[in-house]
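Sequence lines set the chain letters: A, B, ... in the order given, protein chains first and strands last, and positions in each chain run from 1.
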Number of protein chains: 2
Amino acid sequence: MTEIQIELDSDNLSKNIGLVKYVDFTSTETFIFEGGGSINGFTLRYETYGRLNDKKNNAILICHAISGDHHCAGKYTVEDRKPGWWDNMVGPGKAIDTNLFFVICSNCLGGCQGSTGPSSVDPGTGKPYRLDFPSLTIRDIVRAQNLLIEYLNLNELYCVVGGSMGGMQVLQWAIDYPDKVKRILPLASAARQSAQAIAFNEVGRCSIVQDPGWKEGNYSLGEGPSVGLSVARMMAHITYLSDKGMEIKFGRNRRKDTKGHHLTKIEFEVEGYLRYQGQAFINRFDANTYLYFSKAIDRFDLHGEAGKLEDILSKVQARALIIGFTSDWLYTPRQNREIVTALLRCGKNATYAEVDMDLGHDSFLIDAPELYNFVRSFLND
Amino acid sequence: MTEIQIELDSDNLSKNIGLVKYVDFTSTETFIFEGGGSINGFTLRYETYGRLNDKKNNAILICHAISGDHHCAGKYTVEDRKPGWWDNMVGPGKAIDTNLFFVICSNCLGGCQGSTGPSSVDPGTGKPYRLDFPSLTIRDIVRAQNLLIEYLNLNELYCVVGGSMGGMQVLQWAIDYPDKVKRILPLASAARQSAQAIAFNEVGRCSIVQDPGWKEGNYSLGEGPSVGLSVARMMAHITYLSDKGMEIKFGRNRRKDTKGHHLTKIEFEVEGYLRYQGQAFINRFDANTYLYFSKAIDRFDLHGEAGKLEDILSKVQARALIIGFTSDWLYTPRQNREIVTALLRCGKNATYAEVDMDLGHDSFLIDAPELYNFVRSFLND
C-alpha cells in the first residue's frame, strides 16, 4: 500500500508528522467533463499520511479550498519554513489522527500545484491547455479524485473532510458516491454559492482578465496577470476574515515608518498585511486556475433547477457533521445549517456544530481546541 | 440671496423640485490643509433648493458620499434621464422639504465634478495638480464647505445631513463649528473607519495605482486607469449592498444569452450588474479623486489618539439624530450606535433610529417611508 511517511525520531512523532513526500497519480484514460470537453488523461498530485489498515476502512480524504493544495501536513525537508496548510489538524495524535487513520490529500483537477490544469501541457498539442482546458465543475474535481481512490484500491472512505470549496467537494462526494463514503465533514461551506459570493469572485475575475498581462489566458509560464491576481487575492482575503477579527488583529494600527500623508504608501498595518498576501499569492498560484476554480465554485448549486436541496441530498448515505463558524460571512452559519436541515428532512444521520470564533471564514484553518474536539469526536465515535 | 430654482408649473411643483442649476463659488484665499500643503484658492460647485427665510435660520447643508456630488435633487433639463442622487429625499413636500428649508449641497473639495481637486488646473503652474494636490482630510472638506457657508452669509445651519462619507462630514461640522450647527443627521456613518473598511479601500487603491494607465497619477484628462477604477468600484459596490439584498435582487439568476460554460462571459445577472456599475463609474469619476477621498475616509478617526470618542464629541452643541441600517455591514448599526452612546455620555441631546432594511449601506439612498418619517420628524420637531 502507499506509504510515504518517513518517520523521524519517536519523540517527534508524537506531535509531528515528520517528513513527507508527494506522489503523482496519472490516469491515461480520456476524462470527459460535466460541461462538455475532454482531456486525454490527467495527473493528480497527492500526499498520504499514516497507514492504511488491513481492512482498508480507515482512509480519510481531505479536500482543499481554492488556494490550497495536496500538501496538507508535515514538511518536505526539516528546513521548510512552514508545514502543510492543515498541519495543526492532521498528524499523529491530532484531531485527524494519523496514528489511527490513513489520510489522503490531492491537488484538485484544474489546479496548478502538480495536478493537471490550464497551465499543464496538453499531450495532444505539446502546448499548455490554457483556456482550452474544459470548463470545470466541483463534480469534475470529485470524479477525478475518485479515480485516484480507485487506483489506491480503496472501496470505502471512512470520511471525506474539507472546508470552503473543499466542503463543496465533500458534499458532492456523498451525493455521487453514496456507497463509498461513510462519513462527511464539510466545514465553512455551502450547498450553493450566494449572489454576494459570486459577486466577489466576479470582481476577482474581472481584475485578472482585464490585466494586460493576462493576454486572453495566453501568458507565458512564470509571467501572467500579476497585478490582477494580487488584487483578486487581496479582496478575497478580506472575505476570509471578519470585521471583528480584523479589528482585533489590526484595528487602526499604523506603520511606524510611514509618517505624513502619502497617498500610495502603506499607512495602516492592515494595508501592509493585505499587500503581502497579494504578492505571496502571485508567486505560487496560476491565474487561469484561479479563474477555473472560482467558476466551479460559482456554479456549485445543490438546490438544482427545482430549488429543492432535499432532492439531491436524499442520495446521501454518509453520516454527516456540518461545522459552521459564527463569524463566517462568506459561507454563513445559516448556509451551513441549511445543509443539516435538508439532510434531517431526508431522514439522514446529520448534525451541526457551530464554533464561536472571531476569525471569519478562515476559522476552520486556525488552531482551535473546540474545533479539534468536534472533529475528533465525530471521527472516533 | 442665492435663488436658482426655476419653478415649473404648479402641479409639478408639489412633487418635483423642477429644473435646477449649479453655481460655482470661488475662494481666492490660500487654503492650508490639515496635513500640510496649500492651494492658492479653490472652487466649490454647489446647488441650492428652496428659499432662505428672512431670519436666515432654515438652511440645511447636505454632504455627499465618496461617489456623490453637488447635484442632489431636481434635473438640469426636462430631458435628463435621472434627477439628482437624493431626489427621493429632497424636494417640495419631501422629507427634506424645500418648501420649508433652504437646502445647499456642494461637491467636496478634492472632488471631480466641478470643485477643485487633483484633476483641476493649478493656477500657479497651468497644469493639473494631480498628486501635487495636498493630502486631504474630512476636516479639510468641511472647512472648505464652511467658506462657502460664510460666502452665502449664513451664520447658522439649521441642520447638516449626510450619509456614509457625508455622515463623517456631518460629525466634523458639529465638532469644528459647534456654534453654527443646530442639528446634525448623519446616516449609515461611523466615528472612525474600521480595519475591514480600510482594507477594502486599500484593495481599491492598489487596483488603481497598479493599473499601467494610472501613470503615477499623471494620466491625461479623459484617460486614466479605467480597469483599476472599475474593479475598485465593483468591489466597493458589493460593500454598499448586503448579502440578503443581493440574494433578493439577483440570487443565482442567469443571463438568458449565455448558455454553456464560458470562463469570462457574463453568466449570472449579478455579474452583469456589477460590470455595468464599474463601467458607468469610470465615465464619470476621476481616479485620483477616488484615491484622495478614500484616504480621507480611512484617516477619519474621532476617537483620536487617546481612543476616547467622548473627548472630541464633548464639543458638539447640535441636537443629533443618528440613523443606522440593520443590513449595513460597511458602517454597522453598532458603529452608528457608538456615536449616540458617546454623545449621551457627554450629556448631549442625541438619539438613534435604526431602520430595518435589507439593502445594506446604500439603504440611506433608497425609497423608504420609515426613513423619510424619521428625517421629517427630526427636522420639523
Is chain B contacted by the side chain of [X], its backbone, both, or neither, given a heavy-atom distance below 4.5 Å?
X	result
A/Thr332	side chain
A/Thr264	side chain
A/Leu274	side chain
A/Asp298	both
A/Tyr273	neither
A/Ser242	backbone
A/Ile208	neither

**Message:** Under 4.0 Å between a side-chain nitrogen and a carboxylate oxygen: does that hold for B/Arg252 and B/Glu269?
**Reply:** no
**Prompt:** Nearest 0.5 Å, what's the CD1-CD1 distance between A/Ile66 and A/Ile297?
**Reply:** 4.0 Å
**Asked** How many angstroms lie between CD in A/Glu34 and OG1 in A/Thr137, if you round to the nearest 0.5 Å?
**Response** 3.5 Å
**Complete:** Under 4.5 Å to a heavy atom of chain A? For B/Leu131 that would be side chain
**Request:** Please determine if B/Arg143 forms a cation-pi arrangement with B/Phe31, meaning its NZ or CZ atom is less than 6.0 Å from the six-membered ring centre and no more than 45° off the ring axis.
**Result:** yes
**Asked** Among B/Glu271, B/Met246, B/Lys295, B/Lys244, who wins on heavy-atom pairs under 4.5 Å with chain A?
**Response** B/Glu271
